[in-house]
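Below: one structure, written as structure tokens.
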Amino acid sequence: MIRCISCGAEYGLDEIIYTCPKCGSILEVVPLRPDVSKDVFECRKSTMWKYKEFMPVDESKIVSLEEGGTPFCKCQKLGDELGVELYVKVEGSNPTGSFKDRGMSVGITKAMELGVDTVGCASTGNTSASLAAYATRAGKRCIVLLPSGKVALGKLAQAMFHGAEVISIKGNFDEALEAITALALQGKLYLLNSINPFRLEGQKSIGFEIVDDLGWKSPDRIILPVGNAGNISAIWKGVKEFYEAGFINDLPMMTGIQAEGAAPIANAVRAGKNEIVPVENPETIATAIRIGAPVSSVKALRAIYDSDGLAETVTDDEILSAQKLLARTEGIGVEPASAASIAGLKKLVETGSIDKGEQIVCVVTGHLLKDPNTAIDACVKPVEVDADINALLSIITGK
Ligand code: F0G
């Protein structure tokens, strides 16, 4: 069943609806609560479909690029520097380089079940890259709306190269999402933004994997960047499902980080509110999370409050330094939005909001190569010399 998160009205899994027809609120998939022991996962391949019993789709229709099963790296040096036990879940290792592939695998599988021909999304980049790839794999027409001039180069290249029909919108992500939702409501396409509750069903597998990676334990805290607010809601749903199944005994504090210029959720948490005030003109170098009116804000706020978590903002400078810090301390290359989780961790440790010694998992959501321009701009240009031993010696010895 699909259920409205506000009025509780229930709908069938095959109804094509994105908000509650009764009250207009957003929807969630009711947990399946399969009767399985966690031992069944043991011998399976390390993809998100390892947990297939918890996924609300027909197994025979699965469209997959073997997403999930991403690296879970202990970051000893950075953790020691910050005084915490730090792990990083590297979502850039997914097939198209971001966590979106998890949601898209379930979303496109649902599109196969429903038999729709055309799928679409608005995107700050990664969702479009992922949808383009999965739609192709499923043989579906794919339409993506992107905010003009605000999508990182790698993501744009992916969406175009996988053959999506890319339309540049003169406006921001929030406006593009409103436009594509209107098209979806007219039945012109199946909407695969995270307002579609099946997307979050895939993304909840990040929560499954984190507790599995830790040997069936919850970390003290999970920290991640928040844009449209789907992922934080999904990971919380995942850990709760495994908690309710008896696979873990504790739950993590969900901690969302937003860019200072696009922080409606952090603002709401600061004010102790259950609703956001949209940010009119969101702005940040982390274009992936340049969002002013997150559709899953109510779910995200519940995740943060119910888990006794936190929300924090970070500046663009803090994001860029954290991106470099992670790359140069631990060898993990992530795009700016993903580095917001590390920047947020650093800030929350410095302000004393996070206790020393906490066990923390930062979810780094997308690969460094998604945004090569920002990476190159942050570095000193290489020197150019002849392939001559003396010229090289003088450079590397500094003499
Ligand atoms: N990190 C990256 C790399 C993202 O691409 C996104 C969202 C987020 C974090 C935030 O996740 O929206 O679930 O809170 N990108 C979307 C897109 C909006 O269109 O690719 P969220």
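As the structure lists them, so they are numbered: ligands from 1, and atoms in each ligand from 1.
In this structure, Arg102 does not pair ionically with Glu67, as no charged nitrogen and carboxylate oxygen lie closer than 4.0 Å. Classification of Asp14 and Lys110 as a salt-bridged pair holds, one side-chain N sitting under 4.0 Å from a carboxylate O.
Annotation: side-chain contact (heavy atoms from CB on, under 4.5 Å) contacts of Asn172 (sequence neighbours excluded): Asp174, Glu175, Pro282, Arg290. Applying the side-chain contact (heavy atoms from CB on, under 4.5 Å) criterion to Asn281, with sequence neighbours excluded, gives no partner residue.
Any N or O atom pair closer than 3.5 Å counts here, and Ala337 shares no such pair with ligand 1. In terms of polar-atom proximity, defined here as any N/O pair under 3.5 Å, Gln203 makes no such contact with ligand 1. Looking at Gly227 next to ligand 1, an N or O pair under 3.5 Å apart turns up.
Looking only at protein heavy atoms, the nearest one to atom 20 (O) of ligand 1 is Thr127 N, 2.8 Å. Protein heavy atom in closest approach to atom 1 (N) of ligand 1: Thr365 OG1, 2.7 Å. Of the protein's non-hydrogen atoms, Ala288 CB, 3.6 Å is the one closest to atom 4 (C) of ligand 1. Of all protein heavy atoms, the one lying nearest to atom 13 (O) of ligand 1 is Asn231 N, 2.8 Å. When only non-hydrogen protein atoms are considered, atom 16 (C) of ligand 1 lies nearest to Lys100 NZ, 2.9 Å.
Between Ser194 and ligand 1 there is no heavy-atom distance shorter than 4.0 Å. Between Ile291 and ligand 1 there is a heavy-atom distance shorter than 4.0 Å. Ligand 1 has Ala229 within reach: a non-hydrogen atom of the residue lies less than 4.0 Å from it.
Distances below 4.0 Å separate heavy atoms of Phe99 from the following atoms of ligand 1: 1 (N), 2 (C), 4 (C), 6 (C), 8 (C), 9 (C), 11 (O).
Judged by the 6.0 Å and 45° rule, Lys89 forms no cation-pi pair with Phe72.
Counting heavy atoms under 4.0 Å from ligand 1, residue Asn193 does not touch it at all.
Between Leu145 atom CG and Ile169 atom CD1 the span is 4.5 Å, to the nearest 0.5 Å. Between atom CG of residue Leu131 and atom OG1 of residue Thr136 there is a gap of 9.0 Å, rounded to the nearest 0.5 Å.
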